[in-house]
Amino acid sequence: MDFTLLVLLFAPFVLAPFLPALGRLLGAKTGWVALAAPVASFVAAWKLWSLPAEARAAARIWEWAPALGVNLSFTTDGLSLLYALIVSGVGVLVVFYAACYLDDHHYRDHGKFYCYLLLFMGAMFGTVLSSNLLVLFVAWEMTGLTSFLLIGFLHEKGESRRGARMALLTTGVTGLALLVGVVLLRAAYGTYELSEIIAAGGPRPGMEGLLGAAFVCCFIGIAGKSAQFPFHYWLPNAMAAPTPVSAYLHSATMVKLGVFLTARLLPVFNGLETWTPLLTTVGFGTLLLGAVFALLSRDLKGVLAYTTVAQLGLLVGYYGLHARGVGVTWDALHILNHVFYKACLFMVVGIIDHCTGTRDLTQLGGLARKMPLTAVAAALGLAALAGLPPTTGFLSKEMLLKTLFDFGAERGGFVAAWSIGCVVLASIVKVTVAWTVWRRAFAGAPSAAVEAHYHAPSLALQLPPLLLAAATLAGGVGAHAFGVFTASFATPGIHVAEAAELHLWHGVTPELLTSTVIVLLGLGLHAAVGARRWNRAAIPGALRLDERFDPLVDGVPYFGKAVNRAFGFERPQVALPVVAAAGAGLALGLLWPHWGELTALAREWRPWPATGEGAWRWAVTLLVGAAGVAAAAWTHPLRQVAALCVIGLGISLFYALYAAPDLALTQMLVETATLLLMLLVVFRFKRDRVDREPLPPRRRGAWFSRATLSVVFGALVGGGVLVFQQPDRPEGAGEFYLEQTVPLAKGANAVNTVLVDFRGFDTMLEIAVLLVAALGCLGLLYRGREGGWSKPALMTSRDLHPVPRNLILRQVAVWGFVPLNLFALHLFLRGHQAPGGGFIAGLVSALSLILLVFALGVNGVRRLLRFNPVTVAAAGVSLSLAVALLPTAWGLPVFYHFHGYVLGFYVGTPFWFDLGVYLTVIGVLLKLILPLMKSIHGLPAFVAEEEGRFAENDSEPIDLDAVSDAREEDQR
Amino acid sequence: MNNQLDTAVLVAVLVAAGFYLCTSRRLLRVMFGFFILSNAVNLVILGVSGDPSGRRAPVIVDGAAVPSADPLPQALILTAIVIGFAVAAYLAVLVYRLYADRKVATLPAIFEGEPAPDSPAARESAEDAALRRAQREAAEARRAATDAGHGEGGHH
């Protein structure tokens with residue numbers, strides 16, 4: 001039982017990942033492999049359906065995130081199984097059809113195609129079987145994503161991309177409304193489980209108001225997915241998909257999800273006053289709109305798409321007729337009828353497209369003589385579309401009219417009049433559509449366009465539509481058996497318990513008379529318009545919402561850009577002060593009411609140092625503060641760098657005075673490296689004398705307002721330091737680390753053990769950031785190098801000297817190398833016990849290597865190193881990650897530590913983690929500094945060559961506002 | 001109560017100086033400003049972590065329970081220093097690259113367009129105009145194409 005359900009649900013998911021690889025081997029034959037999944041699911045669904053109703057209705061729950069109320073709970077009641085059978089059954093036919101349709105000549109990537117198709121199928125099963133609303137929503141969105149991939153499968157074509165984007169955005173955004181609805185339901189009922197919601201009978205006290213809002217939100221989701229007005233525009237555009245996809249997604253499965261969800265939520269919502277008016281108005285309105293649009297379309301697939309829109313509207317409206325207390329009957333009949341004839345017709349259109357190269361009704365003609373078998377399938381499908389006996393379409397229409405007349409007799413009023421009017425008018429139009437399509441595409445002599453391109457379809461290709469056509473016929477002829485079959489899907493709470501019997505001939509009833517009138521009027525409409533005028537028919541531009549959609553979506557970035565431009569926010573020098581002023585204003589506004597408390601606090605500040613350390617801190621503050629002011633005031637970049645040196649090293653001293661030796665060491669080394677980088681850039685700027693390039697004059701007094709804003713901003717942040725004080729004693733986490741550093745982490749240096757042991761995950765991410773920054777710089781420095789640039793031949797070990805050949809510096813660099821690295825080793829090894837560690841040691845090692853550049857030149861050092869710095873950095877990150885993941889092999893949590901000693905040295909896992917950090921720091925630092933040194937300084941020949949290389953790229957400047965793909969392609 | 005007035009003053013001065021430089025129009029000065037700001041922010045974390053007076057570094061010596069500074073903010077700052085370095089380095093390389101590519105070293109040259117007609121900014125607005133025109137035309141062409149109901153292609 002559970003196993004059968006698992007097969008039904010997961011057969012597509014299990015097979016799908018293998019298909020892309022198989023596709024490369026088998027090409028078009030991949031379809032025959034993919035067929036296994038829908039067949040397995042169909043058999044499983046059939047098996048579940050054949051069980052007695054009591055045995056299958058219970059929901060099965062696998063707990064997933066019970067704390068959030070999210071469980072993988074599935075139900076196999078009649079409604080679910082009806083859709084599961086449709087999805088898997090039509091899936092079998094569609095995959096079979098696709099295997100014949102998608103040949104190797106015209107299509108590529110078969111593996112991917114079937115992979116997407118199966119993933120979609122799996123998502124469909126998930127949606128229709130789930131009884132947890134949140135899981136249902138996830139699967140619902142998965143169908144949207146996979147359908148995006150399928151609609152856009154022929155992504156070389158603009159219309160495919162456009163249709164895919166439209167479908168994704170429309171169903172995705174409306175899907176978010178559904179999510180809101182689901183969350184509101186959770187708020188109202190306290191659970192996501194649909195069975196519990198229904199069993200509760202009504203919302204929790206005080207939450208009744210939410211139910212109406214939840215219904216509207218869910219309905220937006222339903223309308224988006226099932227292409228109800230005003231979201232009907234995406235479905236015809238989704239027809240850019242390969243025809244098997246249209247036959248599957250847009251007739252039988254995905255677009256039916258909205259109908260499915262309407263039925264699923266019917267017991268929850270149909271007590272609402274709004275239920276009947278909303279569903280019938282939108283549903284039957286869409287029915288009429290879709291039918292009329294179908295009549296006006298020239299593209300055969302467009303005709304089918306709009307009739308699908310119409311039929312979906314009919315189904316949604318049909319559920320609207322069943323307010324509380326009215327059991328639903330015959331909805332399975334309407335659904336199955338549509339599945340049979342619409343999938344059949346889509347496949348027929350695919351065959352026509354395949355054999356004649358066009359789907360344009362003005363070009364086609366006389367196909368009945370060319371392809372009689374297809375024409376038989378088409379005739380039956382069109383008969384069902386028109387609602388002619390003896391097809392299921394006739395049964396469906398009769399039962400619909402009967403329900404409507406009963407509804408009208410019982411309820412009356414506008415809703416009934418609107419429903420009956422829309423249905424009757426739409427039925428007339430549908431007869432005309434069916435007859436027009438038959439006349440224009442199949443009847444008469446073959447047209448010139450058909451004669452020119454025609455080749456015969458294979459029998460296999462025609463088999464699936466013929467089977468479906470046979471089903472419409474068999475269902476109609478064997479009406480009684482078909483009625484029993486559809487009644488077997490009755491679900492408690494939704495359907496009436498005992499359905500009436502179904503017969504093809506009910507005697508002369510009002511429905512039959514209405515049907516006759518409908519058919520006659522439909523044929524009359526065709527004759528009245530006249531054959532030639534059909535060719536000029538088109539959908540009025542005002543109603544083509546898809547024409548509005550793209551400008552709307554594209555307009556969003558344009559709007560943003562226009563706003564930015566209007567305020568000058570494109571320029572950071574304008575935006576930054578505004579943002580800062582807004583932030584400062586907000587902070588001042590928030591602080592204002594607390595002015596009294598702040599002044600009370602200020603009286604407790606001790607302005608003068610109580611200890612010797614305090615006096616030193618004041619001295620450093622004065623020095624660094626003066627350097628900060630100087631850095632801001634000076635305009636000469638070298639002087640500014642000198643001021644930055646004072647700031648950086650002064651802060652290092654400050655850290656030392658703050659009882660933070662690790663910070664002091666790190667700061668000192670990091671400042672060295674940062675300033676080295678900045679100095680390199682400054683040198684390059686000075687070499688070209690761009691640092692004093694004239695600027696357009698600013699407004700007079702601009703510097704004053706800038707300075708004022710800066711001072712206010714600085715005062716706010718500085719004041720924040722005083723106001724938001726931690727208590728003096730380290731409490732909570734800090735105290736825990738101090739107490740446990742020796743017992744747990746076997747290290748005396750709490751800062752280091754926090755980094756490599758207690759909070760290793762932070763450090764892990766941090767070195768990942770380092771690596772990412774290095775890779776980003778790599779991209780910036782090497783951009784454009786692949787195209788046409790070869791290594792210049794004159795690079796020798798003495799080529800690149802960043803400084804004059806200073807004998808003393810060279811000697812210091814060479815002789816300093818070994819002691820420096822011994823020092824780094826010392827720092828690394830003692831890091832666990834005393835200030836030091838992987839970061840600091842890595843910085844020392846990297847700087848020792850960089851110092852070596854001054855003696856040997858960049859290339860000399862490169863040659864000496866024999867390794868690629870990025871490889872070292874990546875190896876470091878990988879080592880740390882491996883150490884972090886190692887404990888999972890024993891089922892222990894990630895970052896669990898093992899301790900160990902070799903010859904008195906600590907070699908526990910944190911040691912190896914720290915080694916990874918060490919390697920990362922070396923690699924990243926070298927990667928950042930070496931190329932810049934090479935690029936910025938060196939032989940004039942190198943600079944000239946480098947400039948030439950960059951000049952080549954001038955035609956392709958760095959994107960400041962990234963130009964979207966859509967814009968580029970439209971430009972083309 | 002607390003003794004961090006020095007830290008607060010230092011933070012205030014550095015933030016003001018850094019912010020002033022960041023609002024400058026020369027890329028080099030923006031870079032310097034960023035450097036100062038990132039240092040100042042580290043000091044903020046340190047400053048709010050408690051008064052260090054009379055405390056030792058958070059290194060356990062002989063298991064003695066002397067009052068120590070809080071190790072957690074220090075570890076966080078250490079991380080922040082290194083990440084600040086990565087970002088500063090990226091910024092430096094970006095400034096360098098911008099100069100190498102476009103020969104610009106000031107913000108007005110990037111965003112407002114030099115007098116020269118082929119400056120990036122001038123090009124950009126011309127592009128936008130051309131783009132809107134092209135989009136309009138493409139939309140019309142698409143409408144015509146959908147009406148004609150082309151085949152799926154590949155089958156002709």
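Letters A, B, ... mirror the listed sequences (proteins, then strands); counts begin at 1. Computed from heavy atoms alone, side chains included, the values below leave out hydrogens, waters and symmetry copies. Small disclaimer: the values here were computed from a predicted structure and weren't measured.
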*Quick one: does B:R29's side chain get under 4.5 Å of A:T635's, heavy atoms only?*
yes
*Which bit of A:T741 comes within less than 4.5 Å of chain B, counting heavy atoms only: side chain, backbone, both or neither?*
side chain
*Structural part of A:I647 lying under 4.5 Å from a heavy atom of chain B*: side chain
_I'd like to know whether B:F35 forms a side chain to side chain contact (heavy atoms under 4.5 Å, CB included) with A:E671, so could you lay out the CA-CA distance, the side-chain angles of the two residues, the decisive distance to 0.1 Å, and finally the verdict._
CA-CA 10 Å; B:F35 171 90; A:E671 288 323 303; 2.5 Å; yes
*Could you state the interatomic distance from CZ (B:F32) to CG (A:L675), rounded to the nearest 0.5 Å?*
9.0 Å
_Sub-4.5 Å side-chain heavy-atom contact between A:W618 and B:L5_ = yes
*Side chain, backbone, both or neither: which part of A:F758 has an atom under 4.5 Å from a heavy atom of chain B?*
neither
_Counting C-beta onward and ignoring hydrogens, is there a side-chain heavy-atom pair between B:Y99 and A:V681 closer than 4.5 Å?_
no
*Compare all side-chain heavy atoms of A:L680 with those of B:Y96 and state whether any distance is below 4.5 angstrom.*
no
*Pick one of side chain, backbone, both or neither for A:N749, based on which atoms fall under 4.5 Å of a heavy atom in chain B.*
both
*Where does B:V13 contact chain A at under 4.5 Å (heavy atoms): side chain, backbone, both or neither?*
side chain
*Measuring heavy-atom distances to chain B, does A:L644 have an atom under 4.5 Å in its side chain, in its backbone, in both, or in neither?*
both
*Could you give the distance from CD (A:Q667) to CD1 (B:I77), rounded to the nearest 0.5 Å?*
10.0 Å
*With a 4.5 angstrom heavy-atom cut-off, which part of B:L78 approaches chain A: side chain, backbone, both or neither?*
both
*Exercise: identify the closest heavy-atom pair between B:F85 and A:A673*: CE1-CB, 3.7 Å
_Residue part contacting chain B, namely of A:V742, when any heavy atom lies under 4.5 Å_ = side chain
*Could you walk me through whether A:F685 and B:V95 pass the side chain to side chain contact (heavy atoms under 4.5 Å, CB included) test, one step at a time?*
CA-CA 10 Å; A:F685 273 46; B:V95 167; 3.6 Å; yes
*In terms of heavy-atom proximity below 4.5 Å to chain B, should A:A643 be classed as side chain, backbone, both, or neither?*
neither
*asked:* Out of A:N752, A:L925, A:V712, A:T753, return the one with the most heavy atom pairs under 4.5 angstrom to chain B.
replied: A:L925
*Go through the atoms of A:Q363 and report whether side chain, backbone, both or neither lie under 4.5 Å from a heavy atom of chain B.*
neither
*asked:* Whether the side chain of A:R706 engages the backbone of B:L21 through a donor-acceptor N/O pair (distance < 3.5 Å, no angle test) should be reported.
replied: no
*Pick one of side chain, backbone, both or neither for B:A88, based on which atoms fall under 4.5 Å of a heavy atom in chain A.*
side chain
*asked:* If you compare all heavy atoms of A:V754 against all heavy atoms of B:A75, which two are closest, and at what distance to 0.1 Å?
replied: CG1-CB, 3.5 Å
*How far apart are the C-alpha atoms of A:L576 and B:F19, what are their side-chain angles, what is the distance that settles it, and do they pass the side chain to side chain contact (heavy atoms under 4.5 Å, CB included) test?*
CA-CA 9 Å; A:L576 190 57; B:F19 185 81; 4.3 Å; yes
_Quick check for you: among B:V30, B:L10, B:L72, B:V87, which has the greatest number of heavy-atom pairs under 4.5 Å with chain A?_
B:L10
_I want to check something: taking the side chain as every heavy atom from C-beta on, are A:Y655 and B:L43 in contact at a cut-off of under 4.5 Å?_
yes
*asked:* Quick check on B:L76 against chain A: is it the side chain, the backbone, both or neither that has a heavy atom closer than 4.5 Å?
replied: side chain
*Heavy atoms, side chains only, cut-off 4.5 Å: are B:T7 and A:Y658 in contact?*
yes
